[in-house]
Amino acid sequence: MTQRRKIAVLGCTGSIGSQALEVAALHQDRFQITALTAYSSKEKLFDAVRRFRPEMAGLVMPIPMEEIPEDLRFCQWVFGKECLTLAAQSDCDDVLVSVVGMVGLESVLTALQNGKRVLLANKEALVTGGHLVMNAAAKLGENSLLPVDSEHSAIFQCLQGAQGNPVEKLLLTCSGGPFRTWEKDAIRAATKAQALKHPNWVMGQKITIDSATLFNKALEIMEAKWLFHVEQDKIQVVVHPQSVIHSGVQFADGAVLAQLGTPDMKLPILYAMSYPDRLPTGGQELDLFALAGLTFERPDPERFPSLRMTKECLNAGGAACCVLNAANEEAVAALLRDDTMTLGTLYDVVEDTLQKAGSLPADTLEDILHADALAREIARERLFRR
Ligand code: MG
């Protein structure tokens, strides 16, 4: 038996985290789960701890030790935000960072600085602190940061065939979300209920809203720039409603390599876990004969201002991308709380926050945390006034 890889799963009760545990259970000869953390879903965490028997378990929202069931006290329990940092430097080979939000940046940096390979399913880390993360990953060595996001995994898979040839263009596919064919005014008037109906993927609420506003694609452009060392003019978003092509790469001779599959996150999750090996995911195979056709459309920054803002933020540099992310996170949280809030308000809040705080520096982690906090304050105040 080959040595089992020890994996710490940060955010194990979310969509990515729980699917990672499913594929880990399928391949117990390959993976050992050594640490598990959750934000507040304690019952789900208890189930996972019972099943995988990690050495450490943590809950970001603290509970009294008495609430931990007797049979689960065999492992070390950590409560509060520090459970993420402790899990990221625990005795493991890989850290799957599938937490949502800015805490991901600190978790990723801690893991890399402690010599752990990072399986990255958190967007904020690269969006807000891309240069810090890429420096830490470069120090650790090649392939110390593996993407889990389906588009970035697809590009990473295509690049396995590049053999040192430079990338001419990254083709970042995008389902277009539920408002793909809607007029601008209708999109602006849309509410949470309409935004939560994603046509292809079943995901957490935050990312489902982001997929409707295309802020998810905005964050993915920013991530791709860092991960693959390309400038934004070499990243082409391609609206592809069937979500069969998960992204691709174009080379100097015009050859396009793309990765195809069913819309199942288990593939990119497992590929990062087992890289460079390919293992069965237990999911459905892609049936090309069952496909009616694959279609492609140009993205429209007029109807989806998130794409225009991305361009502006990447041109501005500094903390602009961090500010966009923070303002969007606050606006999405407000949208999820308020059935009457519209996407128009969400876009306006992000735009206004960028105007006010878009030129802050982002040289250090402190700069980034400051820009994030300030942007949230401005966005919240703006949301309160609406
Ligand atoms: Mg994605």
Side-chain angles (χ1 to χ4, degrees), residues 11 14-20 23 96-101 104 108 118-128 130 133 145-159 170-180 195-228 230 232 235-249 258-273 281 283 286 294 296-297 299 304 306-307 310 321 324-325 328-329 332:
S15 172
I16 299 291
S18 48
Q19 293 184 76
V23 290
L96 171 61
V97 181
S98 49
V99 294
V100 179
V108 167
V118 168
L119 318 180
L120 186 66
N122 165 277
K123 290 191 198 293
E124 290 79 2
L126 283 175
V127 167
T128 66
V133 171
L145 180 67
L146 299 179
V148 169
D149 204 343
S150 64
E151 293 82 357
H152 304 81
S153 173
I155 292 169
F156 179 66
Q157 292 176 56
C158 295
L159 287 174
L170 298 182
L171 304 169
L172 194 67
T173 53
C174 168
S175 74
F179 306 133
R180 180 175 61 88
L196 282 174
K197 287 182 193 139
H198 196 276
N200 301 341
W201 299 86
V202 180
M203 305 173 289
Q205 287 203 325
K206 160 78 168 52
I207 189 170
T208 304
I209 299 291
D210 284 350
S211 300
T213 58
L214 298 203
F215 269 115
N216 183 52
K217 213 45 59 179
L219 303 179
E220 289 182 354
I221 294 170
M222 296 168 184
E223 282 187 284
K225 168 195 138 80
W226 288 110
L227 266 178
F228 305 113
V230 293
Q232 61 161 324
I235 305 173
Q236 176 65 59
V237 173
V238 179
V239 178
H240 167 48
Q242 296 83 18
S243 295
V244 170
I245 296 181
H246 296 154
S247 279
V249 175
Q259 188 255 332
L260 284 69
T262 54
D264 182 351
M265 284 307 295
K266 288 199 191 92
L267 191 156
I269 294 167
L270 183 56
Y271 187 68
M273 287 166 66
T281 66
L286 177 65
L294 302 181
F296 307 95
E297 297 158 18
F304 296 99
S306 38
L307 298 175
T310 307
C321 294
L324 173 141
N325 171 69
N328 177 54
E329 213 171 292
V332 172

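Numbering of ligands and ligand atoms starts at 1, following listing order. Quick caveat, the model's predicted, so the values are computed rather than measured. In what follows, residues are counted from 1 in the order of the sequence shown.
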Practice problem: With sequence neighbours left out, write down each residue that passes ring-ring contact (aromatic ring centres under 6.0 Å, His included) with F304, or none if nothing qualifies. | Solution: none
Quiz item: Between the main-chain N or O of L227 and the side-chain N or O of H152, is there a donor-acceptor pair closer than 3.5 Å?
Solution: no
Exercise. Please check if the side chain of H246 supplies one atom and the backbone of S153 the other of a donor-acceptor pair under 3.5 Å.
Key: no
Quiz item: Closer than 2.8 Å to the Mg ion (ligand 1), which protein N, O or S atoms?
Solution: D149 OD1, E151 OE1, E220 OE2
Practice problem: List for me each residue that meets side chain to side chain contact (heavy atoms under 4.5 Å, CB included) alongside S211, sequence neighbours excluded, and say none if there are none. | Solution: H198, M203, I207, N216
Quiz item: Would you say the side chain of E124 lies within less than 4.5 Å of the side chain of E329, judging by non-hydrogen atoms?
Solution: yes
Exercise. Applying ring-ring contact (aromatic ring centres under 6.0 Å, His included), name anything that partners F228, two or more places apart in sequence or on another chain.
Key: none
